[in-house]
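In this chain, numbering begins with 1 at the start of the sequence shown.
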Amino acid sequence: MSYKNFPMVPRVIFGRGSFNQLGELLAPNRLSNNAPFVFLVDDVFRAEINLTSRIPISYDDKIIYVSTIEEPKTSQVDKLVEDIILTSKERPSGVIGIGGGSILDLAKAVAIMLTNEGSSEDYQGWDLVKNKAVYHVGIPTISGTGAEVSRTTVLTGSTRKLGINSDYTPFDQVVLDPELTKGVEKNQWFFTGMDCFIHSVESLNGTYLNAFSKTYGEMSYNLCKEIFFDGGISAKDEQDKLMMASWHGGMSIAYSQVGVAHALSYGLSYLLGTKHGIGNCIVFNHLEEFYPDDVKLFKQMLVKHNIELPQGICKDLSENDIDTMINISLSLEPLWENAIGKNWKKSITHKKIKELYLKM
Ligand code: NAD
Ligand code: ZN
């Protein structure tokens, strides 16, 4: 097929306090009293009674608190799936992820691996998943990644960092309740928000751009600019708007791709464990030659919000380590092709990427 026919999230609820409706949303999807709903919840909420007391559990449902100190790994997904299978009488009715991009990705991957054999590593790539996932619901508590709407779940495996991209990956239901984002710490708000800004920049400046991606990308870009640059909006409006910016940014890259910042930050993440949001910021700060106006704008936003980025994170790395990062980055061919064009290999050489890493 020359045009992609991609799935979208079929049901979404938006509104402050909409989290309270979760019980009603889940009830019709319960397969039996022995088939639990499994709630994967960011550890940060363990003591947040206001949230945990509203998680609608009954019968054998389980809440599993998950640390997000590290971003999702294939081994972590496999372990969670094994534990869930061992402790459930029947295959779960559904998996509900409550958290940021890390937890949303874990929920998607666990839902897939409950119905597919083997290790999640076997499915990293494009369209390798054979069976439909169990019903899964995404409830973001921090905005920016677009993971709530995307067709991928990004996992670090033993040899690579790559998503499980499949028609079965997107959520069956998303709950967008901007109130859930109110406790996010400021730097994290900025880094994850900038992931969204960078998604829209990379999509809008990519060679894969079409009107579908462009319209979503522009909405997302303008919302990010309003929130992080223009300012002057109330905290509530800001939370509402950033949640929608994240959604539109995710929609924009669905039909295009990300670009240079993501291609390089995947290398940092693989080798150094640098987190996605801050990693993208560290990289984007040095990408004037690719995205001149937007890097200028980004630097102004850094100043405006008093954000200091780590410097010199690659300067003491061995040749071997730098090579590992370069190889990870170069393997992300669709990202480079989107950013530079079909002939990207002419300008994006080993040497060129090394120069870029050494600036960071
Ligand atoms: P995250 O999920 O790792 O969360 C960042 C931090 O914010 C954590 O410490 C978390 O505990 C905290 N947090 C979350 N919600 C909070 C709240 N309401 N109050 C207080 N603290 C809160 O960060 P992220 O930037 O949302 O996600 C990054 C992950 O998303 C990476 O693993 C990345 O690979 C993935 N990602 C996926 C996609 C996709 O399409 N699937 C796209 C982009 C990024
Ligand atoms: Zn991203």
With sequence neighbours excluded, what pairs up with Phe284 under the ring-ring contact (aromatic ring centres under 6.0 Å, His included) test? Tyr291, Phe298
Closer than 3.5 angstrom, by distance alone: can the side chain of Ser256 be matched with the main-chain N or O of Ser252 as a donor-acceptor pair? yes
Find out whether Tyr270 and Asn327 are in side-chain contact, i.e. whether some heavy atom of one side chain is under 4.5 Å from a heavy atom of the other. no
Nearest 0.5 Å, please: how far is CE in Met360 from OG in Ser265? 9.0 Å
Between the side chain of Ser88 and the main-chain N/O of Arg91, is any donor-acceptor distance below 3.5 Å? no
Would you say NZ of Lys186 has more than 12 non-hydrogen atoms from neighbouring residues, nucleotides or ligands within 6.0 angstrom? yes
Can you find a pair of side-chain heavy atoms, one from Ile64 and one from Ile84, that are under 4.5 Å apart? yes
What verdict does the side-chain contact (heavy atoms from CB on, under 4.5 Å) test give for Trp247 and Phe14, after you've listed the backbone C-alpha separation in whole Å, the side-chain angles of each residue and the deciding distance to 0.1 Å? CA-CA 11 Å; Trp247 182 275; Phe14 176 89; over 6 Å; no
Under-4.0 Å salt bridge between Lys299 and Glu288: yes
Atom CZ of residue position Arg11 - does it have more than 12 heavy atoms of other residues, nucleotides or ligands inside 6.0 Å? no
I'd like to know if the side chain of Asn285 reaches the main chain of Ile282, judged simply by a donor and an acceptor atom lying under 3.5 Å from each other, with no hydrogens or angles considered. no
Is any side-chain heavy atom of Ile348 less than 4.5 Å from a side-chain heavy atom of Ile340? yes
Quick one: does NZ or CZ of Lys132 land under 6.0 Å from the six-membered ring centre of Tyr168, within 45 degrees of the ring axis? no
If the plane angle is over 60° it's perpendicular, under 30° parallel, otherwise tilted; pick one for His305 and Phe228. perpendicular
Would you confirm whether Thr115, through its side chain, and Ile112, through its main-chain N or O, come within 3.5 Å as a donor-acceptor pair? yes
Atom CD of residue position Glu289 - does it have more than 12 heavy atoms of other residues, nucleotides or ligands inside 6.0 Å? yes
Ionic contact status for Glu179 with Lys182, cut-off 4.0 Å: no
Between Phe212 and Tyr216, does the ring centroid distance fall short of 6.0 Å? yes
Carboxylate-amine/guanidinium proximity below 4.0 Å for Glu71 and Lys275: no
Indicate yes or no: does Lys354 engage Glu319 in a salt bridge with an N to O separation below 4.0 Å. yes
pair Asn280-His262: side-chain heavy atoms closer than 4.5 Å: yes
Using a strict 4.0 Å threshold on nitrogen-to-oxygen distance, state whether Lys236 and Asp240 make a salt bridge. no
Test item: Gln124 side-chain N/O and Leu162 main-chain N/O as donor-acceptor pair under 3.5 Å: yes
Got a salt bridge between Asp60 and Lys89, using NZ or NE/NH1/NH2 to carboxylate O under 4.0 Å? yes
Residue pairs fulfilling salt bridge (charged side-chain N to carboxylate O under 4.0 Å, His left out) with at least one residue in residues 110-130, sequence neighbours excluded: Asp127-Arg151
Side chain of Thr169, backbone of Thr152: donor and acceptor closer than 3.5 Å? no
Residue from Phe6, Tyr3, Tyr208 passing ring pair (Phe, Tyr, Trp, His ring centres under 6.0 Å) with Tyr255: Phe6
Heavy-atom nearest pair, Thr145 first then Ser246, reads N-OG, 3.7 Å
Using a strict threshold of under 4.0 Å (side-chain N to carboxylate O), is an ion pair present between Glu218 and Lys225? no
